[in-house]
J.: 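Take this structure first; my questions come after.
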Amino acid sequence: MSGGQYGRFGGQYVPEALMPAIDELTDAYQRYVLENEAGFMDDLAERLETFGGRPTPLQYADQLSDRYDIDVYLKREDLLHGGAHKLNNALGQVLLARYMGKERIIAETGAGQHGTATTMACAHLGMPCEVYMGRRDVNRQRPNVFRMRLNGASVTPVDIGRGTLKEAISETMRDWAGSVETTHYVIGSVVGPHPYPDLVREFQSVIGSEARDQCLEKLGELPDAVVACAGGGSNAMGTYDAFLEDESVDLYAVEAGGDSLEIDREAGVAPNSATLSTGTEGVLHGSRTKVLQDDDGQIMESHSVSSGLDYAGVGPELAHLAEEGRLAATPVDDEAALAAFHRLSQLEGIIPALETAHAFGFLEERGDDLGDTAVITVSGRGDKDLESVIEESFKRDLPEAPDLSLFTTDQGGR
Amino acid sequence: MSGGQYGRFGGQYVPEALMPAIDELTDAYQRYVLENEAGFMDDLAERLETFGGRPTPLQYADQLSDRYDIDVYLKREDLLHGGAHKLNNALGQVLLARYMGKERIIAETGAGQHGTATTMACAHLGMPCEVYMGRRDVNRQRPNVFRMRLNGASVTPVDIGRGTLKEAISETMRDWAGSVETTHYVIGSVVGPHPYPDLVREFQSVIGSEARDQCLEKLGELPDAVVACAGGGSNAMGTYDAFLEDESVDLYAVEAGGDSLEIDREAGVAPNSATLSTGTEGVLHGSRTKVLQDDDGQIMESHSVSSGLDYAGVGPELAHLAEEGRLAATPVDDEAALAAFHRLSQLEGIIPALETAHAFGFLEERGDDLGDTAVITVSGRGDKDLESVIEESFKRDLPEAPDLSLFTTDQGGR
Amino acid sequence: MGVDAIRAAFEDGAAFIPYLAAGDPGGDLSNSTPESAMAATADYVSALVDAGADVVELGLPFSEPIADGPTIQSATVRALQAGMTPPRYLELVESLDVDVPIVAMTYYNPIYRYGERDGVGPFVEAAAAAGVDGLIIPDLPVEESAPLERACREHDVALIFIAAPTTREDRLRAIMQRGTGYLYVQARLGTTGASRSVSDQTKHTLDRIAAYEASERHARLPKAVGFGISTGEQAATVVGAGADGVIVGSALVDIVAEGEDVVASLEELGRELKAGARAGFDRRTQ
Amino acid sequence: MGVDAIRAAFEDGAAFIPYLAAGDPGGDLSNSTPESAMAATADYVSALVDAGADVVELGLPFSEPIADGPTIQSATVRALQAGMTPPRYLELVESLDVDVPIVAMTYYNPIYRYGERDGVGPFVEAAAAAGVDGLIIPDLPVEESAPLERACREHDVALIFIAAPTTREDRLRAIMQRGTGYLYVQARLGTTGASRSVSDQTKHTLDRIAAYEASERHARLPKAVGFGISTGEQAATVVGAGADGVIVGSALVDIVAEGEDVVASLEELGRELKAGARAGFDRRTQ
Ligand SMILES: Cc1ncc(COP(=O)(O)O)c(C=O)c1O
Ligand SMILES: Cc1ncc(COP(=O)(O)O)c(C=O)c1O
């Protein structure tokens with residue numbers, strides 16, 4: 001049995017052609033990341049600080065705390081360069097690839113946040129880069145496509161299937177199958193074959209370890225609840241990792257409830273991406289985990305209003321922790337996420353990513369029974385989502401949304 | 001003679017109706033800002049840290065340093081919440097308004113960065129807010145319009161004149177003339193009547209004082225050159241202030257050279273916004289300063305590809321420092337700024353605001369004779385400018401720009 | 001003419017002071033030349049004087065009219081497009097064939113920039129020579145007015161300050177002491193522009209000024225109320241409340257903008273306003 | 001049948017192993033039913049066997065075919081749209097009227113999820129019963145294969161591993177020791193798909209395997225080369241370089257996709273490939 005097991009989950013289900021690279025990566029992970037060989041982790045920490053903007057603050061949220069009558073603290077990953085926690089991992093992996101002597105970077109992206117983080121890291125480190133992105137996501141997250149191209153990367157739209165993250169990952173694996181000798185594949189979440197789930201969690205764990213220190217420093221104690229949205233789960237695992245042993249701290253993984261939690265396994269369609277809540281055990285993209293699949297083991301098309309959560313799988317370690325009861329997975333649907341997006345924008349002056357907004361939808365639902373203090377990770381900012389949010393809010397006639405009719409139609413030329 | 005004189009520049013040229021508010025503000029500035037009454041400055045510092053993300057890093061720019069054979073350090077104001085240095089001032093003023101018991105905030109905006117910073121600060125502090133923005137800028141900086149609305153603020157397009165910053169300021173002053181008793185006007189740069197130029201500089205001086213400390217800590221010495229782009233000049237003054245007494249440090253203010261430096265005073269059109277370089281003494285928006293004006297003293301329409309620099313005036317203190325020779329004002333034209341935008345995006349993985357890009361255009365022109373070490377303020381990030389840059393680069397067939405044709409036309413519906 | 005002429009214009013206790021934007025060609029710009037626009041303004045001024053105007057305020061357009069509302073902003077834009085400049089403005093004033101004082105209303109920058117050297121001296125000298133009797137500069141508070149005061153004193157031009165509803169005692173004192181000609185009492189907060197009702201603020205401001213005057217010994221300054229007055233009834237109310245005159249701008253500028261029967265309409269409204277002011281005076285002194 | 005039958009299929013030293021996506025109805029989906037698509041596949045298999053196929057690889061479609069190039073991805077999408085499922089797949093295999101071994105090629109998840117309980121046992125049992133002689137699971141490296149090996153041993157189903165150009169000695173050893181039936185030698189890096197030339201990598205890999213075999217004492221495993229072979233000449237080159245057989249997929253799937261004279265065209269290309277393999281064998285053994 002391979003390394004990288006989390007209870008029943010994990011593993012390395014990849015083509016033989018990739019296994020040597022996976023082994024090489026496992027070795028590099030051990031040496032550079034875990035043992036800080038050649039001062040790798042120091043180099044990374046320095047770059048995360050000066051290029052990335054770490055540490056990110058832990059902010060007391062005045063208005064939300066009032067609203068829910070609980071002390072709400074925000075871990076501000078949205079302030080990271082690029083606008084999301086994704087840089088922690090992307091910079092780590094691209095730097096690792098450089099230490100490993102790789103010459104080219106490939107990556108998949110859903111919301112485009114991992115893609116932009118990767119292209120930014122590649123530009124910063126002078127590495128050529130190609131990013132695969134589902135066609136549907138290309139259309140949903142146009143600003144991020146521009147950003148990737150502006151950073152000098154190629155962006156290859158993937159037209160297969162529904163054109164979201166699942167298809168982009170599959171396509172990137174295909175590229176890697178042909179280019180593995182010179183190329184490092186920067187996976188964007190705690191998914192994929194071992195050692196990726198470990199590696200990505202390790203790079204992201206800076207979120208939680210900073211937050212934990214900041215709590216102790218500011219509050220003198222640990223929070224009662226730690227909340228993070230989970231797509232693949234890198235934000236969630238990065239946030240939880242430092243708290244795993246703190247048994248008094250409840251961990252909440254907020255998933256994309258999409259339109260509905262009803263899954264039509266016959267039709268092969270999941271109107272949500274709440275894999276921990278509604279998925280079943282399977283093997284996808286290199287690891288055994290919870291998966292949205294039909295009765296024949298075909299992976300279903302997932303749905304979420306937020307591209308970054310729109311994925312039929314989830315990190316194996318999260319699947320394990322959920323099964324063990326160490327964390328509670330709770331879905332928040334599209335509409336609640338959109339409402340939360342507007343609420344945070346208006347009440348706190350923070351425009352969150354739609355992914356992030358799910359965590360605040362959870363707070364609205366459950367804010368009153370989370371104890372005295374909750375930490376929520378603001379995994380990213382919402383600049384990439386402006387157009388989508390406007391459109392989706394308008395479609396739903398969302399009461400929380402401001403009127404934008406004056407500005408959405410073009411008023412005269414530029 | 002009023003307070004707030006910088007040599008021949010400065011003053012308080014405003015309608016009588018506003019003078020009592022100006023006096024009140026002068027008093028509040030003295031007490032809260034300069035004397036830290038009621039712990040105002042501590043409160044602000046705490047909020048700038050946890051809400052805003054201060055301190056911002058001083059980053060060594062590997063690739064630029066290589067390119068120009070000089071140590072280039074970037075002061076990363078683009079990492080501030082909202083994406084530009086503007087929050088330093090906006091948060092300061094909105095908080096000050098709260099301490100003063102004001103009930104409503106108004107602001108003008110050009111690029112929308114000051115507007116979004118102000119609306120974010122207002123949401124954060126629970127203040128109603130209205131922002132005036134020229135119609136042309138509304139169209140050029142659409143994402144920022146959305147952000148302001150999402151923060152719950154009103155955005156009022158100004159249709160007068162060419163619809164840029166100048167018109168927006170005039171219109172905001174008109175609002176203030178009627179609402180002055182309950183309303184604070186948050187000016188977005190070191191312009192306007194005294195005490196605004198002092199007040200805004202004071203709030204922005206955190207940029208330079210951090211940068212100076214970071215230099216001493218990292219380099220053990222001061223830089224030879226400090227470079228900042230200047231529209232109204234808040235980024236520039238905020239960057240310079242801590243270095244003013246350091247005579248060995250050369251200060252460069254990079255202005256928007258627009259299409260050309262030729263000014264047609266007959267036609268009343270300035271194809272640039274390089275006020276320090278091409279302006280003449282006059283009185284605009286409350287203070288005596290350098291102004292782009294025709295022979296009759298009518299203010300000219302300025303031009304820059306970047307909304308945030310597109311202004312016919314400049315802060316009086318900058319005018320004074322330029323006249324005294326303490327700083328060198330140098331224009332960089334639209335095309336050089338666009339090229340620099342692409343260069344920074346590709347070489348460093350930082351997509352700058354178009355305003356900021358001007359400073360890097362200067363570096364490209366003069367990088368080789370700035371001494372051994374230069375600090376450049378990255379005043380903001382470019383997310384707001386993606387569409388404009390693509391369009392303007394395409395129009396010019398800019399060799400530095402990536403090909404975006406694959407993505408700019410819509411490929412199938414959403 | 002000069003400062004004394006302005007004081008004299010308030011003799012009947014109910015001065016009517018119309019404002020027009022100089023060189024505003026009105027609605028249809030297409031056929032206007034600088035000369036035709038100037039000629040039109042001259043005609044309008046005559047009509048208003050015929051209607052009973054005691055002083056005429058003539059706006060010299062500035063590109064950033066921050067104290068003006070939409071009506072006068074638009075007139076400013078039209079006048080600038082039609083070619084109005086400070087030299088032409090002075091030509092226009094010189095050409096006027098009326099025997100009431102002319103007050104130039106403009107912003108600080110155009111007069112600061114006038115002539116070969118910076119500073120307000122050249123403009124005031126030229127203005128006085130052209131027949132300007134007074135100046136109103138809405139963006140010039142007393143804090144910044146010393147150079148202009150000096151030039152005005154030298155050339156016998158009145159410097160008229162504005163007192164706003166927000167102006168408190170100390171500032172009122174400075175304004176009253178340093179202003180000449182008359183005191184421009186701003187009826188309400190905001191920018192210029194016609195409004196439906198005259199605010200209580202006006203009465204309050206006038207009372208405050210009266211109280212101040214009673215407590216001081218220097219010469220009394222006529223008080224003309226402006227901002228928002230557009231009807232004879234409003235004029236009556238304002239003068240009835242203690243004003244020595246009314247200033248009417250936007251309502252007249254609107255007539256010019258519409259461009260139909262301008263001379264007749266100006267005269268008609270002018271008569272109504274002058275009559276209203278007199279009626280107010282009568283009410284107060286009965 | 002079973003493992004031995006597969007070994008036997010390599011007896012002439014030049015095996016031709018075609019691959020088809022089961023239930024792929026070809027270009028025109030509109031009139032296809034699951035039954036018609038299955039019947040078509042059965043016809044195609046017969047044609048290939050008539051042409052000289054020694055083993056047939058039948059793809060059980062999976063929604064995430066990460067090891068496949070565009071041609072087989074498309075066939076997978078068509079087959080799924082036409083209604084192919086694991087139960088139907090086994091029905092199809094059972095219905096085949098050919099006497100060559102059938103190897104099922106699919107990904108891990110469908111076989112893991114087959115049946116009432118998780119795990120690979122149920123699928124292997126059902127597959128063996130339906131007449132499947134071997135399995136190729138491209139996303140199952142030896143690290144994860146123990147459960148499947150056990151089930152295959154129990155049901156006499158060959159578990160065929162892939163050796164890639166990147167596979168180094170230690171991994172090659174494990175693959176050779178644990179694989180049964182034959183060794184799938186991946187001709188080049190990348191995904192499945194026809195290509196114009198057979199790479200030098202193939203010869204190199206075959207030589208490495210031969211060297212390894214010479215140094216060890218356990219039973220020799222036939223080596224079939226796949227990825228990119230589409231012509232008789234390529235088949236000859238590969239077998240000439242030491243392979244015991246050629247695996248051809250995308251070139252045949254292309255014929256199905258085009259949908260014209262499919263049976264005849266498959267037979268024609270099948271004959272060319274078999275002849276090529278034989279020619280290569282002759283060249284090598286001369
Ligand atoms: C801002 C943000 N948050 C969360 C996610 C979800 O990914 P993960 O669960 O790996 O953190 C994404 C993915 O793009 C994202 O952009
Ligand atoms: C990013 C950025 N930099 C610079 C400026 C110019 O303003 P200032 O000169 O006041 O810093 C702006 C104005 O909007 C801006 O958005």
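Naming convention: chains lettered A, B, ... in sequence-line order (proteins, then strands); numbering from 1 in each chain. Hydrogens, waters and symmetry mates play no part in the numbers below; they use all other heavy atoms, side chains included. This is a predicted model, so every value here is computed, not measured.
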J.: So which part of A/I350 gets closer than 4.5 Å to some heavy atom of chain B, the side chain, the backbone, both or neither?
T.: both
J.: If you compare all heavy atoms of A/L150 against all heavy atoms of B/Q346, which two are closest, and at what distance to 0.1 Å?
T.: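 Result for this residue pair: O-CG, 3.2 Å.
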J.: Could you walk me through whether B/F146 and A/E387 pass the side-chain contact (heavy atoms from CB on, under 4.5 Å) check?
T.: CA-CA 9 Å; B/F146 292 154; A/E387 302 274 355; 3.8 Å; yes
J.: So which residue, A/G349, A/P402, A/A401, A/G82, ends up with the most heavy-atom pairs under 4.5 Å with chain B?
T.: A/G349
J.: Hey, which of B/D62, B/T56, B/L74 has the most heavy atom pairs under 4.5 Å with chain A?
T.: B/D62
J.: Is it the backbone or the side chain of A/L79 that comes under 4.5 Å from a heavy atom of chain B, or both, or neither?
T.: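 For A/L79, the contact with chain B is made by backbone and side chain together.
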J.: Please tabulate, for the side chains in residues 151-158 of chain A, all donor-acceptor contacts under 3.5 angstrom to protein atoms that are two or more places apart in sequence or on a different chain.
T.:
unit_1, atom_1, unit_2, atom_2, d
A/N151, OD1, A/T119, OG1, 3.0
A/N151, ND2, B/S345, O, 2.8
A/T156, OG1, A/E130, OE2, 2.7

J.: B/D403, B/L58, B/N144: which one forms the most heavy-atom pairs within less than 4.5 Å of chain A?
T.: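 Of B/D403, B/L58, B/N144, B/D403 has the most heavy-atom pairs under 4.5 Å with chain A.
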J.: For A/R76, which atoms come within 4.5 Å of any heavy atom of chain B: side chain, backbone, both, or neither?
T.: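 A/R76 touches chain B through side-chain heavy atoms alone.
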J.: Begin from the C-alpha positions of B/K384 and A/D383 and carry the test side-chain contact (heavy atoms from CB on, under 4.5 Å) through to its verdict.
T.: CA-CA 9 Å; B/K384 68 189 179 60; A/D383 298 63; over 6 Å; no
J.: A/T50 and B/K218: side-chain contact (heavy atoms from CB on, under 4.5 Å), yes or no, with the steps?
T.: CA-CA 12 Å; A/T50 62; B/K218 290 199 179 202; 3.2 Å; yes
J.: Under 4.5 Å from any heavy atom of chain B, what part of A/E46 do you find: side chain, backbone, both or neither?
T.: side chain
J.: To the nearest 0.5 Å, tell me how far B/R381 CZ sits from A/R381 CZ.
T.: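 If we round to the nearest 0.5 Å, B/R381:CZ and A/R381:CZ are 3.0 Å apart.
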J.: Between B/R149 and A/L386, is the side-chain contact (heavy atoms from CB on, under 4.5 Å) condition met? List the steps.
T.: CA-CA 11 Å; B/R149 291 289 293 132; A/L386 301 177; over 6 Å; no
J.: For A/L80, is it the side chain, the backbone, both, or neither that has a heavy atom closer than 4.5 Å to a heavy atom of chain B?
T.: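 Interface part for A/L80: backbone (N, CA, C, O).
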J.: Please flag which part of A/D78 lies under 4.5 Å from any non-hydrogen atom of chain B: side chain, backbone, both or neither.
T.: side chain
J.: Checking B/L125 against chain A: side chain, backbone, both or neither under 4.5 Å from a heavy atom?
T.: backbone
J.: Who passes salt bridge (Lys or Arg N to Asp or Glu O under 4.0 Å) against A/R54, sequence neighbours left out?
T.: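 Checked A/R54 against salt bridge (Lys or Arg N to Asp or Glu O under 4.0 Å); matches are A/E77, A/E210.
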J.: Could you tell me which non-hydrogen atom of A/P57 sits nearest to which non-hydrogen atom of B/G53, and how far apart they are?
T.: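 That closest heavy-atom pairing would be CG-CA, 4.0 Å.
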J.: Return the minimal non-hydrogen interatomic distance between B/Q63 and A/H124, and the atom names on each side.
T.: NE2-O, 2.9 Å
